[in-house]
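Take a look at the structure below.
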Amino acid sequence: QPPAPGGEGTERLTEQHTVGIRPAVKTRLGKAVDKLRYETGDRTISIASITDQALDAYLAQRGC
């Protein structure tokens, strides 16, 4: 999970990027956000936070 907004050493999600995403993946992502928010009670979970973490993990795995 991303650190709470305003916490020490956190960055806000401020950039917006237009990217192509398949409709089926976008639907799954929306459902996943709803499910995770419901199960955890964490309202900071969003499409943006999941996308940010996925990109960060992808780049880290490739040494970027």
Side-chain angles (χ1 to χ4, degrees):
Q1 301 297 334
E8 189 170 316
T10 62
E11 291 180 290
R12 289 187 51 205
L13 301 175
T14 58
E15 295 293 323
Q16 291 187 3
H17 299 280
T18 303
V19 297
I21 185 169
R22 291 176 285 151
V25 173
K26 177 95 184 232
T27 300
R28 285 177 54 209
L29 181 55
K31 288 178 181 180
V33 167
D34 291 342
K35 179 182 181 202
L36 291 168
R37 282 182 171 181
Y38 175 77
E39 290 178 351
T40 65
D42 184 351
R43 301 325 255 174
T44 64
I45 297 171
S46 65
I47 288 175
S49 69
I50 291 174
T51 303
D52 179 70
Q53 289 181 46
L55 287 169
D56 188 48
Y58 180 90
L59 293 170
Q61 287 176 347
R62 285 152 181 81
C64 299

Considering residues, nucleotides and ligands other than Arg28, do more than 12 of their heavy atoms fall under 6.0 Å from its CZ?
no
Please lay out, stage by stage, how Lys26 and Ile47 fare under the test side chain to side chain contact (heavy atoms under 4.5 Å, CB included).
CA-CA 9 Å; Lys26 177 95 184 232; Ile47 288 175; 4.3 Å; yes
Got [X] and [Y] here, is their nearest side-chain heavy-atom distance under 4.5 Å?
| X | Y | answer |
| --- | --- | --- |
| Thr51 | His17 | no |
| Arg22 | Val25 | yes |
| Leu36 | Asp42 | no |

Look up atom [atom1] in [X] and atom [atom2] in [Y], then write down how far apart they are to the nearest 0.5 Å.
| X | Y | atom1 | atom2 | value |
| --- | --- | --- | --- | --- |
| Leu29 | Ser46 | CG | OG | 9.0 Å |
| Thr27 | Ile21 | OG1 | CD1 | 9.0 Å |
| Ile45 | Glu39 | CD1 | CD | 9.0 Å |

